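Right, one structure below, let's go through it.
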Amino acid sequence: MLTSKEYDSIVVGAGHAGIEAALAIARAGYQVLFLTTTIDTIGKMSCNPAIGGLAKGHMVREIDALGGQMALTTDQTSLQLRMLNKSKGPAVWAPRAQSDKKKYSAMMTKVIEQEKNIHLKQHLVEKILVKNGRAIGVVTQTQETFYGRSVVVSSGTFMKGLIHIGDVNFPGGRGGEPPCEHLSDSLRELGLELKRFKTGTPPRLHAKSINYDILELAPGDEDPEPFSFRTKQLINPKIPCWLTYTNQNTHEIIRKNLHLSPLYAGRIEGIGPRYCPSIEDKVVKFADKERHQIYLEPEGLDTEEIYVNGLSMSLPQHVQEQIVKTLPGCENAEIVRLAYAIEYDYAPPTQLKLSLETKVCENLFLAGQINGTSGYEEAAAQGLMAGLNVIRKLRGESPFILSRSEAYIGVLIDDLVTLGTNEPYRMFTSRAEFRLLLRQDNADERLMKYGHSFGLISEETYQQSLNKQQKIKTLIGQLRAARHENASLEKMLRRPEITLKTLPGLANDFFDEHPDILRQVELNVKYEGYINRQLQDVLKFQKLEARRIPATFEFTTVKGLSREALEKFNKVRPSSVGQAARIPGITSGDLSILLVSLLKSST
């Protein structure tokens, strides 16, 4: 019987990971205690006011297909929407939304507060309670104890967070908010190894202090596509961004003041994100570049703050002011919020199972930046997967694992758990071996069946997806059957110079279908050969994945393994031969020896 302080799950941290975890578990019918240090900042965009982008947009569509919330809230609060990379192949097209920060957070707060199975409380968690190797609850800063059948920790950058601005540093989980000082100690006591990472954020400028007349306009799409498969209509404004550039004056100021940067003065221990470097890093590592692109992005309709995308740094205030004034259009700009760097504790993700449950403590799940990732989208994907695996555990079912061949989310988690990460991990399309199959436009076809099985996708929405898939097959069949000058329309459409709109002999009513359906028909026909080739590769991949390694398998009994292979197998504890093959440093000889041992143990 549920008491006032016993829950099916306790979710710690109300960022993007925590939101998806809490909502998934609650919507599946379980009681969730949702704890956050500040209720006012649920779903806060700590850094850039945007959702999606290259590869990240793919994951948001996948989150949506699985029944998550991020895409829906993005559609309701976006300032502009764009489909990136349209000049390239369809595998790398990516949706991106410029978001209204305050409205996004307010909307997420409303969604959380209206969910009947979520019990939202403002508490700072300091300790994980464990009994017989299982997480059973948490203890807060006020020494209140809450009990739960599972615990999800999604603490973001708050664990021992330390903010740096020049030679000044002070504790903080992010600007203006206190850190969580003791949770790290509790996790270490459980046997988890923790390390330090660093990330940063740029300054914010007052909108009225910028000269927009000389800036390059960066509008969204005129007829944008929604992020969510469940959004029926977009009614949002179309607010532009603006483009400017650094120059040699900017770079000279940075070079002269590098000794004042805590990153280069050695005051920051944590490793920063390679793919989202600070402006100091850009100037040092790309010394041949004459300029760097800077986007000025509105943070919302009801604020005058402008986010300076591309200008993250940790230099002192007076240097930041000098740098900003070198940017065309910003000669008289006023800084509203200073840029800063932040260091924080994270748990190297090789300590996790593919379900995101920790190996050292049963029923304890980690999700988001605590696992060494960067970005709202990566965090939300992990939070949702942790939540779905909590549901499976509460039901007494096997873990829910997405394969690398069926989702970017599968790539993300497999990369983290199998390979680990030495820097804040960011998703790229190049990380996915089967990216032509994992397009952003077919995430519903790939994953909505799972969201439906968890009860997170309605029967109506699921049937609409099935109908769409059937319609695509039917239309392709019509192209295959129809002929023009002794050639099927399907074969004619495969020619690079021909599109559906220029395809001769096509009936006019063919275009009565939804543009998304028509686009997928065209892509499936034009890329059929490449798609079939990737499907064959998937079959080979699945054979290795199907060779399971029992959880109780003792790698120490495998004769002939190198010491390095033995150490890595014991550390990662791969669940399949396929996963074992992806561990860095594992040779084909190691795999052969492992396969022989597995065959012997199964006979």
Side-chain angles (χ1 to χ4, degrees), residues 20 24 52 54-72 83 89-95 225-231 354 377-378 380-382 384-385 387-389 392 399-415 427-429 431-459 461-473 476 514 516-517 519-525 527-528 530-542 545-546 578:
E20 297 295 349
L54 305 182
K56 292 169 175 280
H58 291 68
M59 282 195 296
V60 179
R61 285 268 169 93
E62 292 177 351
I63 290 166
D64 185 64
L66 290 167
Q69 184 64 33
M70 178 173 265
L72 282 168
M83 187 65 73
V92 296
W93 292 3
E225 298 177 36
F227 250 109
S228 175
F229 296 101
R230 294 170 280 173
T231 296
L354 287 168
E377 303 83 1
E378 289 90 343
Q382 292 172 72
L384 179 57
M385 292 301 290
L388 296 180
N389 275 295
R392 282 284 185 92
F400 176 62
I401 310 298
L402 286 173
S403 165
R404 298 180 70 91
S405 64
E406 61 183 340
Y408 272 87
I409 296 175
V411 175
L412 166 73
I413 294 176
D414 185 61
D415 277 357
M427 177 53 72
F428 291 101
T429 52
R431 296 191 191 273
E433 304 93 321
F434 309 111
R435 53 186 172 273
L436 190 55
L437 304 179
L438 308 183
R439 303 193 308 272
Q440 53 81 30
D441 62 310
N442 68 2
D444 58 334
E445 179 182 344
R446 293 183 278 116
L447 302 177
M448 201 169 274
K449 58 189 176 188
Y450 299 126
H452 181 254
S453 71
F454 278 101
L456 305 182
I457 293 291
S458 70
E459 182 65 29
T461 298
Y462 185 48
Q463 284 302 320
Q464 287 173 351
S465 176
L466 293 178
N467 292 341
K468 170 186 161 185
Q469 293 167 40
Q470 184 56 52
K471 178 63 71 174
I472 291 169
K473 292 177 182 176
I476 292 175
H514 191 278
D516 182 45
I517 291 177
R519 182 170 58 246
Q520 288 199 49
V521 166
E522 185 166 344
L523 292 178
N524 286 344
V525 170
Y527 291 91
E528 182 183 23
Y530 298 102
I531 290 172
N532 287 339
R533 196 178 306 163
Q534 282 210 345
L535 288 171
Q536 291 300 313
D537 292 338
V538 168
L539 290 176
K540 296 175 186 175
F541 170 81
Q542 288 174 340
E545 297 299 300

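For clarity, every value in this text was computed on a predicted model and none was experimentally measured. Heavy atoms only: backbone and side chains are in, while hydrogens, waters and symmetry mates are out.
The main-chain N or O of Gln469 is never found under 3.5 Å from a side-chain atom of Glu445 such that the two would form a donor-acceptor pair. In this structure a side-chain-to-backbone donor-acceptor pair under 3.5 Å is missing from Arg61 to Ser228. Under a 3.5 Å cut-off, the side chain of Arg446 and the backbone N or O of Arg439 do form a donor-acceptor pair. Gln534 places no side-chain N or O within donor-acceptor distance of the main-chain N or O of Tyr530, the cut-off being under 3.5 Å. When atom types are taken as modelled, the side chain of Asp444 and the backbone of Ala65 share no donor-acceptor pair closer than 3.5 angstrom. Side-chain N or O atoms of Asp64 include none that pairs as donor or acceptor with a backbone N or O of Val60 at under 3.5 Å. Judged by distance alone, the side chain of Glu62 and the main-chain N or O of Ile409 form a donor-acceptor pair under 3.5 Å. Checking side-chain atoms of His58 against main-chain N and O of Ala91 turns up a donor-acceptor pair under 3.5 Å. Not a single donor-acceptor pair under 3.5 Å links the side chain of Asp414 to the backbone N or O of Ser403.
Among residues two or more places apart in sequence or in another chain, the side-chain contact (heavy atoms from CB on, under 4.5 Å) test is passed with Glu522 by Leu493, Thr499, Leu500, Lys526. Under the ring pair (Phe, Tyr, Trp, His ring centres under 6.0 Å) criterion, Phe229 pairs with no residue, sequence neighbours left out.
With rounding to the nearest 0.5 Å, the separation of CD1 in Ile63 from CZ in Phe227 is 9.5 Å. The CG atom of Leu384 lies 5.5 Å from the CD atom of Glu20; values are rounded to the nearest 0.5 Å. The distance from atom CG of Asp441 to atom CD of Gln520, rounded to the nearest 0.5 Å, is 4.0 Å. To the nearest 0.5 angstrom, Asn467 atom CG is 11.0 Å from Tyr462 atom OH. Here NZ of Lys471 is found 7.0 Å from CD1 of Ile517. Values are rounded to the nearest 0.5 Å. A distance of 8.0 Å separates CD1 in Ile413 from CG in Asn389, rounded to the nearest 0.5 Å.
Across every non-hydrogen atom of Gln440 and Trp93, the tightest pair is CG-O, 3.2 Å. When all heavy atoms are compared, the tightest approach of Met427 to Val411 is CE-CG1, 4.1 Å. The two residues Ala432 and Tyr408 have their closest heavy-atom pair at CB-CE2, 3.7 Å. Considering every non-hydrogen atom in both Leu66 and Leu447, the closest pair reads CD2-O, 3.8 Å. The shortest non-hydrogen separation linking Thr461 to Arg230 is CG2-CG, 3.7 Å. Between Glu406 and Ile401, the shortest heavy-atom distance links the atoms OE2-O, 4.0 Å.
Using a 4.5 Å heavy-atom threshold, the side chains of Leu54 and Thr429 count as separate. Proximity of Leu535 to Leu437: side-chain heavy atoms (C-beta onward) are separated by under 4.5 Å at one or more points. No side-chain heavy atom of Leu388 sits less than 4.5 Å from a side-chain heavy atom of Tyr450. Counting only heavy atoms from C-beta outward, the side chains of Phe454 and Arg392 approach each other to under 4.5 Å. Side-chain contact between Ile531 and Asn524 is present, with at least one heavy-atom pair separated by less than 4.5 Å.
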Review point. Between Arg431 and Asp415, is a side-chain contact (heavy atoms from CB on, under 4.5 Å) present by the stated rule, with each step listed?
Key: CA-CA 9 Å; Arg431 296 191 191 273; Asp415 277 357; 3.7 Å; yes
Practice item. Step by step, work out the side-chain hydrogen bond (donor to acceptor under 3.5 Å, both in side chains) result for Gln463 and Glu459. Key: CA-CA 6 Å; Gln463 284 302 320; Glu459 182 65 29; 3.0 Å; yes
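Salt-bridge formation is detected for the pair Arg519/Asp516: a Lys NZ or Arg NE/NH1/NH2 atom is positioned less than 4.0 Å from an Asp or Glu carboxylate oxygen.
No option in Glu377, Arg404, Met59 other than Met59 meets the side chain to side chain contact (heavy atoms under 4.5 Å, CB included) test with Leu412.
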